[in-house]
Number of protein chains: 2
Amino acid sequence: METIKRAIIYDRSLNPERTNATFERLAEVLENVLNEQSAAHISKLLDLLEQPNPRNQLNEKQADKIIEYLDKIVLSRQQIQEIGEQLQLSEISTAEAIDIHQQFKIPVSHPEEDIIPVQGKGCWIKDTKGKWYLDMDSNYSATNLGMSNPEIALGLYNQANTLISMKEDRIQIARSRFLKEIHQMMPPGLDQFYWQNSGGEAVDKALKIAKAYTGTTQVIAFKGGFHGRTHGAVAVTWNKKYREPFGLDETGWVHFADFNDLNSVETLLKTTGAKIIILEMVQGEEAGNRPATPEFVNGLWTLAKQYDAVIIDDEVQAGFGRTAVKQGDWFACMSYDLVPDIMVIGKSFGGGYPVTAVVTKKKIGSKMKYGYDGSTFGGNPMAMTATLIATRQMREKDVTGNVVARAKQIKSGIRTLRETYSIIGTYSGRGLMFGFDLGSAENVQKVQSGLRENGVKVSLSSGSMIRFLPLTIMSKGETDFFLKQLEKSIKILDS
Amino acid sequence: METIKRAIIYDRSLNPERTNATFERLAEVLENVLNEQSAAHISKLLDLLEQPNPRNQLNEKQADKIIEYLDKIVLSRQQIQEIGEQLQLSEISTAEAIDIHQQFKIPVSHPEEDIIPVQGKGCWIKDTKGKWYLDMDSNYSATNLGMSNPEIALGLYNQANTLISMKEDRIQIARSRFLKEIHQMMPPGLDQFYWQNSGGEAVDKALKIAKAYTGTTQVIAFKGGFHGRTHGAVAVTWNKKYREPFGLDETGWVHFADFNDLNSVETLLKTTGAKIIILEMVQGEEAGNRPATPEFVNGLWTLAKQYDAVIIDDEVQAGFGRTAVKQGDWFACMSYDLVPDIMVIGKSFGGGYPVTAVVTKKKIGSKMKYGYDGSTFGGNPMAMTATLIATRQMREKDVTGNVVARAKQIKSGIRTLRETYSIIGTYSGRGLMFGFDLGSAENVQKVQSGLRENGVKVSLSSGSMIRFLPLTIMSKGETDFFLKQLEKSIKILDS
């Protein structure tokens with residue numbers, strides 16, 4: 001009972017991140033745990049507390065009355081524990097969380113309210129209803145090293161207790177630690193770093209660095225490419241929907257070439273005089289996980305040399321092993337045996353902490369002069385602590401080896417399913433960035449909701465394609481589980 | 001001795017953020033603590049370890065030999081403790097940290113290597129040499145709630161152990177907690193949030209939101225203004241040095257008006273058709289802490305109404321009490337009793353965690369449609385945990401009341417100093433964002449280094465102006481200490 005009491009009236013010395021529970025959440029948790037039996041108890045509690053405002057924080061006196069009541073009814077030790085745990089994980093009800101979101105959040109994106117996560121462990125998340133799901137979208141790769149991470153938690157705790165932030169221009173120790181370790185994962189020659197906080201911001205800065213180096217501003221980007229949302233990053237992103245409302249569809253400095261088509265690139269190099277090319281080696285979101293062909297990238301590198309252009313390789317989503325073809329492919333460019341001039345990295349970089357970077361060669365980086373940029377949070381000690389621990393974990397967990405093995409397992413599993421279920425169309429992707437066609441957006445929705453019912457969380461899709469971006473530490477057993485639930489969800493569709 | 005051993009060979013289960021110490025750092029710490037006596041010991045240790053590579057991580061066997069040696073020489077309990085502590089705080093030497101920085105960091109800004117901080121407590125930081133300094137620049141406001149923060153550390157620890165990240169579009173609990181509390185600090189009507197990670201990124205998104213709402217792209221910004229470094233943010237920043245190398249000096253959509261000059265704004269409203277105005281209520285960095293006059297802002301609001309324009313108020317640096325004129329002025333606009341259409345907040349928002357936001361009115365925010373933006377890290381549970389705790393601390397510590405009192409104390413202290421030291425020129429600023437003229441950049445450097453010798457860390461300046469941006473929780477005693485050291489440092493100059 002003590003656990004339930006502490007979950008209602010939070011102890012600030014233990015959980016400064018919490019507030020007191022509301023009655024509405026208490027009622028929801030009782031319903032989650034006691035099912036039909038809960039209604040009578042909730043009604044009695046409402047009377048006992050004289051109809052409290054369901055969304056106000058409960059106070060000490062109310063909490064005592066609730067505990068007194070719960071003490072009298074027959075609850076198993078397990079039920080008591082489960083009530084305490086669920087309340088501890090969220091003191092706010094699902095309905096209120098959704099209402100607050102709709103009331104106070106600028107609606108820039110479609111709100112995902114089907115599952116409201118309160119806890120994560122490895123590849124799994126638990127929602128406000130107490131149900132566990134295998135997470136198949138890893139927050140666009142941000143949580144590749146687990147939906148929670150005890151070692152990063154401890155590192156951040158120590159760092160925040162020691163020195164919580166320090167601006168970019170001041171030399172610092174956490175950054176030196178990171179730089180002494182990271183070279184083992186980098187493509188040769190890419191050893192100049194500039195840290196940022198989000199992927200879009202890092203792309204934006206990579207463009208600035210390329211512009212400063214080449215002394216030019218014209219940029220070639222690719223149809224189907226996605227690079228982020230700041231003015232600079234969105235300008236080089238293909239989807240016109242993302243650019244047009246902000247007057248960023250006709251910038252005068254961005255030219256889109258066809259992906260996997262060398263001629264279209266050469267034409268633009270000739271006609272625009274562009275000296276900067278930006279691409280993803282595996283196009284994601286907007287293109288349905290399409291890898292560049294080896295012929296294309298080899299030709300692109302040759303063209304760049306010929307026209308004296310620099311190549312920016314955006315590895316924010318594909319990097320840190322997600323698209324590995326062989327063990328040790330930490331970045332997609334390594335699968336092609338090519339080194340870009342500038343690389344942008346992010347997402348799993350900090351294991352969940354917002355940190356990204358532009359990485360380049362000395363001759364390029366050195367063209368940035370004092371004052372050309374600056375950052376309050378770029379490369380701060382908390383971020384560097386997160387990247388040190390996250391990249392160390394990636395090597396120890398052999399993420400690239402795991403991705404190769406899991407991708408093989410998934411590809412073969414889906415090939416087998418396709419023999420039975422004709423609805424499964426073209427498979428596309430690389431490593432653990434994959435998807436397949438289901439004929440229509442409606443089918444995608446049906447399979448997604450089937451998966452959800454069967455304990456698998458998916459939310460990515462582009463049209464008739466269902467996309468998956470699981471955690472790169474996903475195990476063999478979890479992959480089997482996914483394939484089994486996938487079959488169940490597709491079976492319904494096929495019948 | 002156990003402490004020293006654990007500081008040489010780190011215990012990963014306790015300090016996953018560390019690596020093993022180098023010999024070079026051990027030697028530096030011995031020098032810090034034992035002064036002249038250290039040389040003989042270092043030389044003997046070098047022999048004992050057979051001249052180890054000074055920058056390699058020491059191993060267990062080497063550590064045992066070091067401990068065996070230190071055990072034999074006469075050290076006080078205090079010396080042993082100090083050696084252990086300094087080694088624990090940094091296992092890398094000052095010289096190596098500087099070299100690594102110069103070798104691997106893209107040189108976008110002037111490296112500050114005079115003080116390399118390893119620990120912070122309240123308004124104080126300790127460097128690699130073991131010396132403490134009163135911090136008078138708060139990392140551009142990012143560490144306003146202390147250079148370390150035990151409560152934020154614990155909250156982040158709990159959150160990272162529970163759910164380390166979650167993308168922007170998924171409804172989440174930590175964000176709901178924050179939104180239930182924050183309204184008490186916001187200007188009335190500003191209740192629509194969109195979270196970002198850095199100030200520049202948030203300015204960039206504020207511009208997008210204003211463009212989407214007005215259906216226009218022309219923007220009026222101000223001479224002397226600074227808004228950040230992404231393509232969007234730098235385009236509205238006055239200093240041409242920051243825009244020119246990237247082709248962002250002639251965007252075609254930004255027009256600069258004179259600050260505190262209504263006529264110049266009205267002319268641009270008429271000639272350009274701009275419907276978006278962006279300003280800082282107190283210009284910082286580039287303008288030497290210049291507040292807008294009440295006549296100017298009142299007139300600006302009237303003009304905006306007349307020409308149907310929206311005002312973006314960039315409070316990234318001035319906000320969260322730094323420029324308070326009266327208790328409760330959480331944002332600079334509150335001192336003027338005006339509510340902007342869009343506000344950008346950041347820096348101290350997360351008490352050191354990288355989190356910023358665009359805040360606006362419902363009628364403006366609702367013009368953003370699903371797909372118009374998106375973010376992996378925006379409003380993630382760690383960020384929302386940090387903002388909940390940080391903003392709660394601000395209210396409890398009465399930051400605005402403290403700023404008013406400290407600013408008065410400082411103003412009066414400097415006025416008194418000026419009676420004696422004629423070198424002190426014009427004072428400018430508001431709240432705890434202040435500075436004064438010293439006649440030349442050379443004088444500024446001299447006073448800065450005098451302050452450093454006297455235990456005060458300062459690194460901000462613009463030309464002949466010395467600028468200070470202390471932590472907003474600075475105490476009366478610390479303010480007295482600052483004024484005393486300031487006098488010492490100016491006295492030398494004046495003689």
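So that the names make sense, note that chain A is the first sequence line, chain B the second, and so on, each numbered from 1.
With a 6.0 Å cutoff to the six-membered ring centre and a 45° limit on the axis angle, Lys167(A) counts as a cation-pi contact of Tyr140(B).
In this structure, the ring of Phe246(A) has its center less than 6.0 angstrom from the ring center of Tyr372(B). The six-membered or imidazole ring of Tyr353(A) lies away from that of Phe377(B), with a centre-to-centre distance of 6.0 Å or more.
Between the side chains of Gln196(A) and Ser198(B), no donor-acceptor pair is found at a separation under 3.5 Å. Counting only N and O atoms by type, the side chains of Glu201(A) and Thr230(B) include no donor and acceptor under 3.5 Å apart. Side-chain atoms of His231(A) and Lys211(B) include a donor-acceptor pair closer than 3.5 Å. Side-chain polar atoms of Lys180(A) and Thr19(B) form no donor-acceptor pair below 3.5 angstrom.
The contact between Lys362(B) and chain A is made entirely by side chain atoms (from C-beta outward), counting heavy-atom distances below 4.5 Å. Contacts between Asp137(A) and chain B at a heavy-atom distance below 4.5 Å involve the side chain alone, from C-beta outward. Of the atoms belonging to Leu154(B), heavy atoms from both backbone and side chain fall under 4.5 Å from chain A. Neither the backbone nor the side chain of Val359(A) comes within contact range of chain B; no heavy atom of the residue lies under 4.5 Å from a heavy atom of that chain. Of the atoms belonging to Lys457(B), it is side-chain heavy atoms, and not backbone ones, that fall under 4.5 Å from chain A. Interface remark: Lys208(B) contributes backbone and side-chain atoms alike to the contact with chain A (heavy atom separation under 4.5 Å). Using a 4.5 Å cut-off between heavy atoms, Glu181(B) contacts chain A through its side chain alone, with no backbone atom that close. Contacts of Leu145(B) with chain A are absent, with no heavy-atom separation under 4.5 Å from either backbone or side chain. Interface residue Arg392(A): only side-chain heavy atoms are found under 4.5 Å from chain B.
Residues Met147(A) and Ile164(B) have side chains not in contact (no heavy-atom distance under 4.5 Å, counting atoms from C-beta outward). The shortest distance between side-chain heavy atoms of Ile92(B) and Ser176(A) falls below 4.5 Å.
Ranked by heavy-atom pairs under 4.5 Å with chain B, the first of Thr128(A), Asn158(A), Asn380(A) is Asn158(A). The candidate from Lys369(B), Lys367(B), Arg243(B) with the greatest count of non-hydrogen atom pairs under 4.5 Å with chain A is Lys369(B). Counting heavy-atom pairs closer than 4.5 Å to chain A, the top-ranked of the candidates Tyr194(B), Phe104(B), Trp253(B) is Phe104(B). Your options are Leu207(A), Thr216(A), Val358(A), Leu14(A), and the one with the most heavy-atom pairs under 4.5 Å with chain B is Leu14(A). The most heavy-atom pairs under 4.5 Å with chain B, out of Asn15(A), Asn239(A), Ile389(A), come from Ile389(A). Considering only heavy-atom pairs separated by less than 4.5 Å from chain B, the leading option among Ala142(A), Gly247(A), Ala386(A), Gly232(A) is Gly232(A). Of the listed residues (Gln159(B), Gln57(B), Lys241(B), Glu96(B)), the one with the most heavy-atom contacts under 4.5 Å to chain A is Glu96(B). Per-residue counts of heavy-atom pairs under 4.5 Å with chain A were compared for Leu179(B), Thr217(B), Thr385(B); the largest is that of Leu179(B). Note: Asp204(B) leads Asp191(B), Asp204(B), Asn197(B), Ile98(B) in heavy-atom pairs under 4.5 Å with chain A. With chain B as the partner, the residue from Ile364(A), Thr143(A), Thr94(A), Val234(A) showing the most heavy-atom pairs under 4.5 Å is Thr143(A). Counting heavy-atom pairs closer than 4.5 Å to chain A, the top-ranked of the candidates Asp169(B), Ile100(B), Ile173(B) is Asp169(B). With chain B as partner, the option from Met166(A), Gln172(A), Met382(A) having the largest number of non-hydrogen pairs under 4.5 angstrom is Met166(A).
Annotation: the span from Ile106(A) atom CD1 to Ile209(B) atom CD1 amounts to 4.0 Å, rounded to 0.5 Å.
Checked by atom type and distance alone, the side chain of Gln192(A) pairs as donor or acceptor with a backbone atom of Gln103(B) at under 3.5 Å. The backbone N or O of Leu163(A) lies less than 3.5 Å from no partner atom in the side chain of Asn149(B), so there is not a single donor-acceptor pair.
Look at Arg177(A) and Glu91(B) and you find a salt bridge, because one of the NZ, NE, NH1 or NH2 atoms lies within 4.0 Å of a carboxylate O, short of that distance. Looking at Arg170(A) and Asp114(B), a side-chain N of the basic residue comes within less than 4.0 Å of a carboxylate O on the acidic one, giving a salt bridge.
Listed here is the closest heavy atom pair of Ala160(B) and Ala153(A): CB-CB, 3.5 Å. Looking at every heavy atom in both residues, Glu168(B) comes nearest to His101(A) through O-CE1, 4.3 Å. When all heavy atoms of Pro111(B) and Ile171(A) are compared, the pair lying nearest together is CB-CD1, 4.5 Å. Of all heavy-atom pairs spanning Pro150(B) and Asn161(A), the tightest one is CA-OD1, 3.2 Å. Across all non-hydrogen atoms, the minimal contact from Val108(B) to Gly374(A) is CG2-N, 4.3 Å. Minimum heavy-atom separation, Gly365(A) to Pro107(B): O-CD, 3.5 Å.
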Would you sort out whether His110(B) and Tyr370(A) count as a side-chain contact (heavy atoms from CB on, under 4.5 Å), showing the intermediate values? CA-CA 5 Å; His110(B) 194 87; Tyr370(A) 295 164; 3.3 Å; yes

Taking it one step at a time, do Lys105(A) and Arg175(B) satisfy side-chain contact (heavy atoms from CB on, under 4.5 Å)? CA-CA 10 Å; Lys105(A) 187 175 170 298; Arg175(B) 212 188 272 163; 3.8 Å; yes

